[in-house]
Amino acid sequence: MSIQAVKGTRDFYPELMRRRNWIMAAWRRVSLRNGFEEYDAPIFEYPDLFTTKSGPEIASQLFNLVDRGGRSLAIRPEITPSLARMVNAKISSLPRPIKWFSMPRLCRAENTQRGRLREFFQWNVDVIGSDEVIADAEGIYTAVDFLREVGLTPADVTVRIGSRALTVSALKAAGLSDESVQAALPVLDKRAKVSDEEFRRLAVQAGMSGPQIESVCRFQDCDDLGALAKAAGGSSDGEAAVEQLRQLLATLRAMGAGEYCTLDMRIVRGLAYYTGVVYEVFDAAGSMRAVAGGGRYDNLLEVLGGPKVGATGFGMGDVVLGLLLEEKAKFPADVDASSVDYYLIDAEETCFPRVVELVGGLRGRGASADFSYARRAVGKQLKEANRRGARFAVIVREDGVSVKELATGEQRDVTAEEFLASAEGSQGNR
RNA sequence: GUGGCUGUAGCUCAAGUGGUUAGAGCACCUGGUUGUGGUCCAGGGGGUUGUGGGUUCGAGUCCCAUCAGCCACCCCA
């Protein structure tokens, strides 16, 4: 083969596709039962939509194209701006809170690494139009609900919850100016990801003094709400942020998600537009990239030309999640095997027309049915049935059929009419 | 975008310091065990050694470029 797949992309052969479908089915199932409605947006947008939200440096990570009219377009690297655009366009007629989810295919022209590709899927869950902590709680709960759904336990993953608002209060209490605060936030986000020396170097570069660094580190290492309020300097903003976290954690405990969640002020998130509660989901070993991340972004809709409306949500990519599920062996065993309800076998070549007829009948009833294209010995056809992952092999004779359950070897003889009347699909696709 | 490591059949790997038609297991296909499967046996297809140049009498083995993967930076929507 002379042309290979593009850097950072995946070919979804049936085996991999089954895993993708399994993940996405769980995303959708969990979203719906948490009261979220599905939406989608175009796969390309005008580049301004993305650069307005996240700044011009994002442009270097965009896949750009030019249409025949000379318009420059960009393939979406995220869906939140599209969501904001869609919601802004109908903001006055949409009942609030707006609880929407999506599972978009996204592209980013980044360098690839383990857990990081150029094309991937990302589950996005957002609540728009509420300033209440309950909205943040629902986002986090939905993420936890999914983790539990796919068999990941608190021993496997942790939701680390921080607060931008509280962190800002702590920085101000330490005496940082408004500009320094903005410069310091991304540095604090790095604290858990770089060495101590490197962190201090960056912090000084961001304009922090030695005592300020000490003070902020003490704040970040604190995991007690009462102590945090003190560490944040006792300002009214700080008190309010602490109270929000208190409510959030209480709500999560009440909903039954408490065991997955832990307070962690080292979670700051890199992006500038987060305003309140922020959180990331990590594997317990901490050896991977974040599985999911999100938080409150109350200014985004306004930045994109809409009213000031509170919003909160998270994104979960399929790549790191897939690695984690693989590592923890959480994919079900049958995700590896293709399967079919019935595999039809002709006992004699002259029975083949009846095989085709029955296959049609079964498929018409919503059962999945397959058969061999080659006319060959029953033994060979059974071998094919086995390989195909059939639940039942159906040997078709002139005078009736033998229905054999492959797992048990049990076999019973019935007429073709009886068989067809009792046949049922396991897929429930009818 | 920068730097390092790697690149042999679909997969996992072999092929002493360059030397004859690049091998094996698994997978796949065919046949047999004379018409009921998962075992076993036999046979078969499949590689211009990621790609393109170069050095050499001769390169999978050396050199350069390029592409891809992995790792570290950057970034992490």
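Per chain, numbering begins at 1; letters A, B, ... match sequence-line order. Just so you know, these numbers use all the heavy atoms, side chains as well, and skip hydrogens, waters and symmetry mates.
- Within the 4.0 angstrom heavy-atom criterion, no nucleotide atom of any strand lies near Gln122(A).
- What separates NZ of Lys380(A) from C1' of U34(B) is a distance of 11 Å, to the nearest Å.
- The same atom, C1', is picked in U20(B) and in A59(B); the two are 14 Å apart, to the nearest Å.
- Aromatic pair Tyr342(A)/Phe419(A): centroids less than 6.0 angstrom apart.
- Atom C1' of nucleotide G37(B) and atom CG of Asn386(A) are separated by 5 Å, given to the nearest angstrom.
- Counting to the nearest Å, the P atom of U34(B) and the NZ atom of Lys383(A) are 13 Å from each other.
- Between Leu325(A) and the options Val150(A), Val291(A), Asp156(A), a side chain to side chain contact (heavy atoms under 4.5 Å, CB included) holds for only Val150(A).
- Taking atom P on both nucleotides, G50(B) is separated from G60(B) by 10 Å, rounded to a whole Å.
- Going from atom CG of Asn124(A) over to atom C1' of C76(B) covers 14 Å, rounded to whole Å.
- Between A72(B) and A14(B), the distance separating the two P atoms is 24 Å to the nearest Å.
- A cation-pi arrangement is not found for Arg388(A) relative to Tyr343(A), the charged atom failing to lie both closer than 6.0 Å to the ring centre and inside a 45° cone about the ring normal.
- Spacing between atom CD of Glu110(A) and atom P of C74(B) amounts to 13 Å, rounded to whole angstrom units.
- Arg387(A) has a side-chain polar atom (N or O) that falls below the 4.0 Å cut-off from OP1 or OP2 of C29(B).
- Electrostatic pairing of Arg397(A) and Glu348(A) does not count as a salt bridge here, judged by no charged N lying under 4.0 Å from a carboxylate O.
- Within 3.5 Å, a donor on the side chain of Arg397(A) pairs with an acceptor on the base of U36(B), or the reverse.
- Here the separation of G25(B) from U21(B), taken at their P atoms, is 22 Å to the nearest Å.
- Between Glu405(A) and Arg412(A) no salt bridge is recorded (no basic side-chain N to carboxylate O distance below 4.0 Å).
- Proximity of the aromatic rings of Trp123(A) and Phe146(A) is defined here by a centroid distance below 6.0 angstrom, and this criterion is met.
- Straight-line distance between the P atoms of C11(B) and G16(B): roughly 23 Å, to the nearest whole Å.
- Atom CD1 in Ile345(A) sits about 12 Å away from atom P in G38(B), given to the nearest Å.
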### Query
Going through the checks in order, is the side-chain hydrogen bond (donor to acceptor under 3.5 Å, both in side chains) test met by Asp145(A) and Thr142(A)?
CA-CA 5 Å; Asp145(A) 195 20; Thr142(A) 302; over 6 Å; no
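- Between the C1' atoms of G23(B) and C67(B), the separation comes to 27 Å (whole Å).
- Rounded to whole Å, the distance from CG on Leu382(A) to C1' on G38(B) is 10 Å.
- Among the protein residues, Arg269(A) comes within range of the sugar-phosphate backbone only, with heavy atoms under 4.0 Å from sugar or phosphate atoms but none that close to a base.
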### Message
I need a per-nucleotide contact map over nucleotides 66-72 of chain B, read 5' to 3'. Cutoff is protein heavy atoms under 4.0 Å; write B for the base, S for backbone only, - otherwise.
### Response
-SSSSSB
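- Both tests hold for Arg20(A) against Phe12(A): distance to the six-membered ring centre under 6.0 Å, angle to the ring axis within 45°.
- Among the heavy atoms of the strands, none lies under 4.0 Å from Glu384(A).
- For RNA chain B, no neighbouring residue in residues 305-329 of chain A is found when judged by any heavy atom under 4.0 Å.
- If you find the closest nucleotide of RNA chain B to Tyr274(A) and to Ala390(A), the one lying nearer the 5' end belongs to Ala390(A).
- The CZ-P distance, from Arg375(A) to U30(B), rounds to 13 Å in whole Å.
- Checked against the 6.0 Å centroid threshold, Trp22(A) and Phe331(A) count as a close aromatic pair.
- U49(B) and A42(B) have their C1' atoms separated by 30 Å, given to the nearest Å.
- For the pairing with Glu149(A), the salt bridge (charged side-chain N to carboxylate O under 4.0 Å, His left out) check across Arg28(A), Lys330(A), Arg29(A) returns one residue only, Arg29(A).
- Lys99(A) pairs in a salt bridge (charged side-chain N to carboxylate O under 4.0 Å, His left out) with only one of the listed residues (Glu138(A), Glu37(A), Glu38(A)), which is Glu138(A).
- Taking the C1' atoms as reference points, U12(B) lies 31 Å from G53(B), given to the whole Å.
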#### Entry: Chi angles and distances behind the ring pair (Phe, Tyr, Trp, His ring centres under 6.0 Å) call for Tyr373(A), Phe371(A)
CA-CA 7 Å; Tyr373(A) 284 4; Phe371(A) 61 98; 5.8 Å; yes
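- The base of U36(B) lies close enough to the side chain of Gln411(A) for a donor and an acceptor atom to sit less than 3.5 Å apart.
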### Query
Asp413(A) and Val401(A): side-chain contact (heavy atoms from CB on, under 4.5 Å), yes or no, with the steps?
CA-CA 6 Å; Asp413(A) 294 350; Val401(A) 303; over 6 Å; no
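- Within 4.0 Å of Ile79(A), counting heavy atoms only, lies no atom of the nucleic acid at all.
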### Task
Toss me the dot-bracket line for RNA chain B: Watson-Crick and G-U wobble, both under 3.5 Å, 5' to 3', using | for pairs to another strand and [ ] for crossers.
(((((((..((((.....[...)))).(((((.......))))).....(((((..]....))))))))))))....
### Task
Step by step, work out the side-chain hydrogen bond (donor to acceptor under 3.5 Å, both in side chains) result for Ser372(A) and Glu384(A).
CA-CA 7 Å; Ser372(A) 175; Glu384(A) 288 184 62; 3.1 Å; yes
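- Listed pair Arg376(A) / G31(B) meets the phosphate criterion, a side-chain N or O lying under 4.0 Å from OP1 or OP2.
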